[in-house]
Structure formats: structure tokens, C-alpha cells
Amino acid sequence: EMCIRDRWDKILLLQCAAEVYPNIVDELYCCIVIGMSYDKMNKKKFVALDRKDFYAYRKKTLAVFREALKACNRYPF
């Protein structure tokens with residue numbers, strides 16, 4: 001798992017999540033940065049996707065984020 005410390009990296013991650021699936025940006029961000037699971041999130045707030053699809057979008061968000069970091073010569077950390 002990546003360690004996201006820099007404020008600019010967090011902004012970039014939010015942009016990547018918005019690019020992948022704009023309707024669940026906050027949920028994707030919390031899952032990646034805070035480490036909150038889909039199940040915990042879905043108990044607190046309804047997530048508009050099923051578990052399998054949610055984790056597929058999480059995986060795609062991380063892939064887009066890695067590519068964005070590579071484009072900025074910031075990957076690997």
C-alpha cells in the first residue's frame with residue numbers, strides 16, 4: 001500500500017478518484033487514505049455500488065494515481 005503524506009498527493013488522488021468514478025470520490029478517498037473498508041463505510045453511509053464493483057474502482061483509482069505520479073517523476077516514492 002502506498003503512503004500518501006504530501007498534501008499535493010492527496011489532491012492528486014482526489015482528482016484521480018473523480019476521473020475514475022465521480023459519484024463516489026469521497027468513499028474511494030476514505031478507503032485508500034484512511035483504510036476504511038467498504039463494509040464499514042456502507043454501515044455509516046450508503047454506497048451506491050456493490051462491494052465487488054467498489055473495490056474494482058478502488059483498484060483503478062490506484063492505477064490512475066500511480067500513472068499520474070509517474071508522469072510527475074514522483075513514483076516510486
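- Note that NZ of K59 and CD1 of I32 are 13.0 Å apart. Values are rounded to the nearest 0.5 Å.
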**Report entry** Residues D9, R74; criterion side chain to side chain contact (heavy atoms under 4.5 Å, CB included); working and verdict
**Finding:** CA-CA 10 Å; D9 289 347; R74 300 217 350 118; 2.7 Å; yes

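- In the hydrophobic clustering of this structure, I24 groups with M41; members are Ile, Leu, Val, Met, Phe, Trp, Tyr whose side-chain heavy atoms approach within less than 4.5 Å, directly or through other members.
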Query - From CA spacing to verdict: side chain to side chain contact (heavy atoms under 4.5 Å, CB included), D53, D50 - result: CA-CA 6 Å; D53 290 340; D50 69 9; 3.1 Å; yes

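- Rounded to the nearest 0.5 angstrom, E67 CD and L62 CG are separated by 12.0 Å.
- Comment: E27 does not engage R58 in a salt bridge, judged by the lack of any side-chain N to carboxylate O separation of less than 4.0 angstrom.
- Under the 4.5 Å side-chain criterion, counting only non-hydrogen atoms from C-beta, V25 is not in contact with V20.
- From K70, atom NZ reaches atom CZ of R66 across 8.0 Å, with rounding to the nearest 0.5 Å.
- Without hydrogens or angle criteria, Y55 side chain to Y38 main chain gives a donor-acceptor distance under 3.5 Å.
- Atom CD of Q15 and atom CZ of F65 lie 10.5 Å apart (nearest 0.5 Å).
- With hydrophobic clusters built from ILVMFWY side chains whose heavy atoms lie under 4.5 angstrom apart, V33 shares a cluster with L69.
- Residues V47 and N42 approach most closely at N-OD1, 2.9 Å, considering heavy atoms.
- In this pair, Y21 and Y57 present their aromatic rings perpendicular. The plane angle is above 60°, beyond the 30 to 60° band.
- At least one side-chain heavy atom of L28 sits less than 4.5 Å from a side-chain heavy atom of F54.
- A distance of 11.0 Å separates SG of C16 from NZ of K60, quoted to the nearest 0.5 Å.
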